[in-house]
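See below for the structure under consideration.
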Amino acid sequence: MRNKYAILVICIVALVIIEKENNIISRVSEKLTLKQTTQTAEPPSFYNGSSAPVVMDYDGEMSEENATWLLEPDQGGHKHILLLAATRTGSSFVGEFFNQLGSNMFYLFEPLWHVERMLSQDMDIPNATVSSLAYRDVLLSLFLCDFTLLERFISPSPQEHITPALFRRESSMALCEEQVCTPVVKDVFERYHCKTRRCGPLNLTLATMACFSKKYRAIKSVRVRQLETLRLLVEDPRLDIKVIQLVRDPRAILASRMVAFSSKYQTWKSWAINGEVPIEDEEVKRLQGNCHQIRMSAELGLSRPDWLENRYMLVRYEDIARYPMQKAAEMYRFTGIPFTSQAREWILKNTHASEITSGVYSTQKNSSEQVEKWRFSIPFNLVQVVQDVCGPTMELFGYKFADSEQTLVNKSVSLLEEKQFTFS
Ligand SMILES: *[C@@H]1O[C@H](CO)[C@@H](O)[C@H](O)[C@H]1NC(C)=O
Ligand SMILES: *[C@@H]1O[C@H](CO)[C@@H](O)[C@H](O)[C@H]1NC(C)=O
Ligand SMILES: *[C@@H]1O[C@H](CO)[C@@H](O)[C@H](O)[C@H]1NC(C)=O
Ligand SMILES: *[C@@H]1O[C@H](CO)[C@@H](O)[C@H](O)[C@H]1NC(C)=O
Ligand SMILES: *[C@@H]1O[C@H](CO)[C@@H](O)[C@H](O)[C@H]1NC(C)=O
Ligand SMILES: *[C@@H]1O[C@H](CO)[C@@H](O)[C@H](O)[C@H]1NC(C)=O
């Protein structure tokens, strides 16, 4: 462990020297550097002396180098799930598979939203290296039930660990439980208020206590770009982490984004109408970059390096849509967390999947049709662009090319290859 920290510290020092002039690192690290002395509130009694396990320090010093508890392996049989995805891949839905587990789960929906937002305010172009370090450290501290690092990215800043602004609090069952629910405060606007009961602003100390009381912790994120950047997190002896990467046909993602984020996709829409797509355009390059990163992460995971052994699973959106119960069961088996009847019921109710008494799960009716709906909403010229720049990614995941407009809209041709991704 010490070596790992030492290497990291050296890297940080190097970055600091490089970046001294333009101040980027120092601004970020102001937020990242956590020192015991800056802690204001007394931790609750069972909150065992933890400040955030921050490994990044602007001064290149490990402020808590000799705190041995930092490195003690987790004794409580806790399990940690990180659901990694891109937007429009059904990740909110899959996140619910875990959120709905019941009283043993502490689930967080996109906590890195705060980090991304603050970093992009601080820098004109967020630096991917800096962002990925911040993402990793925030994820680590959250998996350890420590919100203090995340607090630095929440805007406006929480006061005495109280905030009305935690992104999508209501999407986390654990953050709306009775124990975490404080009395409603008049005249405080809460954009992300609980739906199940009326609660006041979130007391993060209560959230911490709730987190500690749960055996399983899950976080969903669409912000981590490269699996590789999470290596230190995965290797951290205090966590027993499983990473689930969720992927989807990039043609379907584009079709879905053009509807969901309509204003951001004006360029694509104009291309859809004009027919001509300038292949050198920034938008096309961005698509290519996204596909590349997703493939890099998947190839790394599927290559089963030692540090990811038994810790990585790849799941296709299309398979979840067609066989939700079966896929959910597979994911639960992979994580080692018991698949509760509560979670099953939620899935049944929300997918119309039918459960056959033998324990074999049937598919959703007419589901392949649902899954391939995008084929009728995106013009062939855009499909061609995606196939051109995302080809290797599509091949890896088993998404077949459409060679003509006729094929694209021909319902008797499937563009989805049946494919098993083997693990462990
Ligand atoms: C706090 O941690 C120490 C060292 O790991 C342990 O001996 C002690 O029992 C813990 N206290 C609580 C309340 O968990
Ligand atoms: C940790 O280091 C500090 C300063 O170097 C020292 O004062 C303190 O006693 C050390 N704590 C332990 C537990 O070794
Ligand atoms: C991000 O920051 C690192 C370290 O400061 C630097 O080496 C790298 O070139 C930066 N990347 C971009 C895209 O600015
Ligand atoms: C938040 O909850 C903790 C634990 O119950 C409590 O000690 C603290 O006073 C609360 N904070 C505020 C500002 O009410
Ligand atoms: C699927 O939908 C089509 C119409 O879109 C219908 O004719 C067919 O019977 C449906 N199949 C099943 C298995 O429900
Ligand atoms: C659709 O595909 C099937 C199978 O390849 C083919 O037999 C059929 O002629 C195609 N239909 C059209 C309208 O192209």
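For the numbers below, each heavy atom of this structure counts, side chains included, while hydrogens, waters and symmetry mates do not. Whatever order the structure lists ligands and atoms in, that order sets their numbers, starting from 1.
- For ligand 6, one of its N or O atoms has an N or O atom of Asn410 under 3.5 Å away.
- Against a heavy-atom cut-off of under 4.0 Å, Ile162 is close to the following atoms of ligand 4: 11 (N), 12 (C), 13 (C).
- Taking the six-membered ring where the residue is Trp, Phe167 and Trp113 present parallel rings, their angle staying beneath 30° rather than reaching 60°.
- Nearest protein neighbour of atom 4 (C) of ligand 6, counting heavy atoms only, is Ser412 OG, 4.2 Å.
- Below 30°, between 30° and 60°, or above 60°: for Phe339 and Tyr332 the angle between ring planes is below 30°, a parallel geometry.
- For atom 11 (N) of ligand 6, the nearest protein heavy atom is under 4.0 Å away.
- Residue contact check: Leu206 has heavy atoms under 4.0 Å from atoms 2 (O), 4 (C), 5 (O) of ligand 4.
- Contact annotation: for Thr182 versus ligand 4, there are no heavy atoms closer than 4.0 Å.
- Among all non-hydrogen protein atoms, the one lying nearest atom 5 (O) of ligand 6 is Val413 CG2, 4.0 Å.
- Lys214 places a side-chain N or O within donor-acceptor distance of the main-chain N or O of Ser103, the cut-off being under 3.5 Å.
- Checked by atom type and distance alone, the side chain of Thr340 pairs as donor or acceptor with a backbone atom of Leu101 at under 3.5 Å.
- The aromatic rings of His78 and His80 sit tilted, their planes meeting at an angle between 30° and 60°.
- Comparing heavy-atom distances from atom 2 (O) of ligand 4 across Val180, Asn203, Thr208 singles out Asn203 as nearest.
- The aromatic ring centres of Tyr216 and Tyr107 sit 6.0 Å or more apart.
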